[in-house]
Amino acid sequence: MSEDVVRMQVNPETCIAGGQCELLAPDVFEIDDDEVIAVVQGDGRLDRKVALEVIDRCPSGAISIVEPDEAAGGG
Amino acid sequence: MPTPVAEAPNVTDDGLYLDGIPHDRFAEMRRTPGLMWHPYRDGGFWAVARHAEVKEVSRTPEVFSSAVGHTNLWDLEADALEARRGLIDTDAPDHTRIRRLVASGFTPKNIKAWTDTVGELTDELLDDAEAAGTVDWVDALAAPLPIRVILALLGVPVEDADHLVELSNFLVEGTSEQQSLPPDAFGNTTELRLLPFNSPASHALFEYGEALAARKRAEPADDIVTTLVRAEADGERLTGSEFRNLFHLLVFAGNETTRTALTHGAMALADHPEQWQRVLDGDVTLEQATEEVLRWATPVLHMRRTTTTATELAGTRIGAGEKVVVWYASANRDETAFDDPFTFDVGRTDNPHFAFGGGGPHFCLGAFLARLEIQVVLGAMRDRGLRLRRTGEPVRVPSNFVHGVLSVDMELAR
C-alpha cells in the first residue's frame, strides 16, 4: 500500500475535456457529459506517482494536487 | 532572425514524403542545440523537433498562437483566414466557445456508446476482406471504417458515404502542391485561396454540410449536427462560417487521420509479426498496442504556431510574429522521450506520444474515437486469429503535413 497519496482537483475554467485523466485514473476522474469537463470522483485520492503522470498528460494543465495526505497508508 | 543559427535540413519538400518521413533529417534537428531555422518560400520558420519543446509550444497558446497567420506553413491573407477560421485556427475565447459546443459528442462515455456500431462495421469489412484474401487495405478497411463511423456520429445518411470519402481524398491532395481538380469542380465559384486546403472539394463539403444542417433543423435527431444547429454556448450560436468550417473539419479529421493510423498500424503489424503475436497471445492489452500504433503512425506530421510576443525557446530567441512549427513526427521518435524510439513495441507501458498533438487547448477532439476504432479493429483481428502479410509497397501521399497512404496491398490469412 502506498504511503504517498495526494488529493486531486480540476480547474473547470481551463479543462477542455480531453479525457486523458479518465484514461489514466478512471476511479478518480470522469468527464461529465453535461458540463463537458472533468470532475473528481469521491475524495479524489490518488497515488502520487499516478497523480504526477495525470498532471503531466493533461493537455490543458487543468489538474493539480490539493494537498499531500500524510494520513493515508499509515504503515 | 536573431543571433546566427544553424539552418535546418529541408523537411518541407513534399516529394521527400513519397519515401516516408525523412527521419534522419529530424534526428539532426533534435541533436542540434537550440532551434534550427528552416527557410520556407520567401521567409521561414523555427523548426521544433524535440518532444520537450513541442510540448512547451503546444501548452503555451498565449505566446504561440493558432489564430495569427495560419496553422499551416504558409501565410493566408486576412480575408482568406477569416473565411476558413474554425476550431483549429482560433485561440481562446473563440476556440473555447466552439470546442465546448462540439466536445460533448466526443467524451469518453459518449464515444464508448459507439463500440457496438464500430464493431459491426469492422466485422462487415473484415468479412469481405477475408473472403477476398488479398486486398488494398486502405480501400477495404482503413478508409471506409472511419468515414462511416464519423458520418454516423454526425448524422449523415450512409448512402452519402462514398461521395464524402471522395471529397476527403481530394482534400488530402490539396495539402500538397499538386491538385488534379479544376478550380470550378463541383460547381465551385469561390476563389480557391478562400477555401480550406485551397480545394474546390471544400466547397462541395461546405454545401453538403449546409444542406445537412437544414435537414436537421427540420428533422432533429440524436447526432452531432443536430447538436450544432441547436446549440447555444454562452448565448451564442455558431456563425454560418464557423459551422461550415467545423463540419468540414469533423469530416476530414474524423476520416483521414484514423485512416492513416489504421494503415500504418496494419503495415507495422505485418512487418513485425512478432509484435502481432504478442497481441494474439494476449501478452499486451489492446490499449497498449493502440497507443503504439498511434505513436508509430503520427497521422498529422506538424502544426504551425505564430508568436504573439518575443520569447525564448530551447535557448533560442524568437521575435514577435515569427513562425514556429512543431513536428509531431519528430517528437514521436525523440530518443529522450521514448526508449528505442525506432522500435515498434506494442508492449510499451510509458508512451507519451503526440499523435493527438502536443497537448494544450487544441488536443485532438476525436482522440477517444480514434482509439476506439483502432482498439476495435485490433480486437476483431485478434479474435479471428488473423495475420497480415504485405504483398505490395505503399503508395504514399506526397505531403509534409499528413502521413497519408493511398493504397497498400495486404494478404489476410488465419
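Lettering follows sequence order; numbering is per chain, from 1.
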> Which atom pair, heavy atoms only, marks the closest approach of B:F363 to A:Q20?
Replying inline: CZ-OE1, 3.3 Å
> Which heavy atom in A:G19 sits nearest to a heavy atom in B:P108, and how many Å separate them?
Replying inline: CA-CG, 4.4 Å
> Does any non-hydrogen side-chain atom of A:E13 lie less than 4.5 Å from one of B:T96?
Replying inline: no
> Would you say B:H362 and A:I16 make side-chain contact, with heavy atoms under 4.5 Å?
Replying inline: no
> Based on non-hydrogen pairs under 4.5 Å, which of B:G359, B:G360, B:S104 is most in contact with chain A?
Replying inline: B:G360
> Which bit of B:A103 is near chain A, if near means a heavy-atom gap under 4.5 Å: side chain, backbone, both or neither?
Replying inline: both
> Using a cut-off of under 4.5 Å for heavy-atom pairs, which of A:G18, A:S60, A:C58 has the most such pairs with chain B?
Replying inline: A:G18
>> Taking every non-hydrogen pair under 4.5 Å, which of A:E53, A:R57, A:E22 racks up the most with chain B?
In response: A:R57
> Which residues, numbered in order, of residues 28-38 of chain A come under 4.5 angstrom of chain B by heavy-atom distance?
Replying inline: A:E30, A:I31, A:D33, A:V36, A:I37
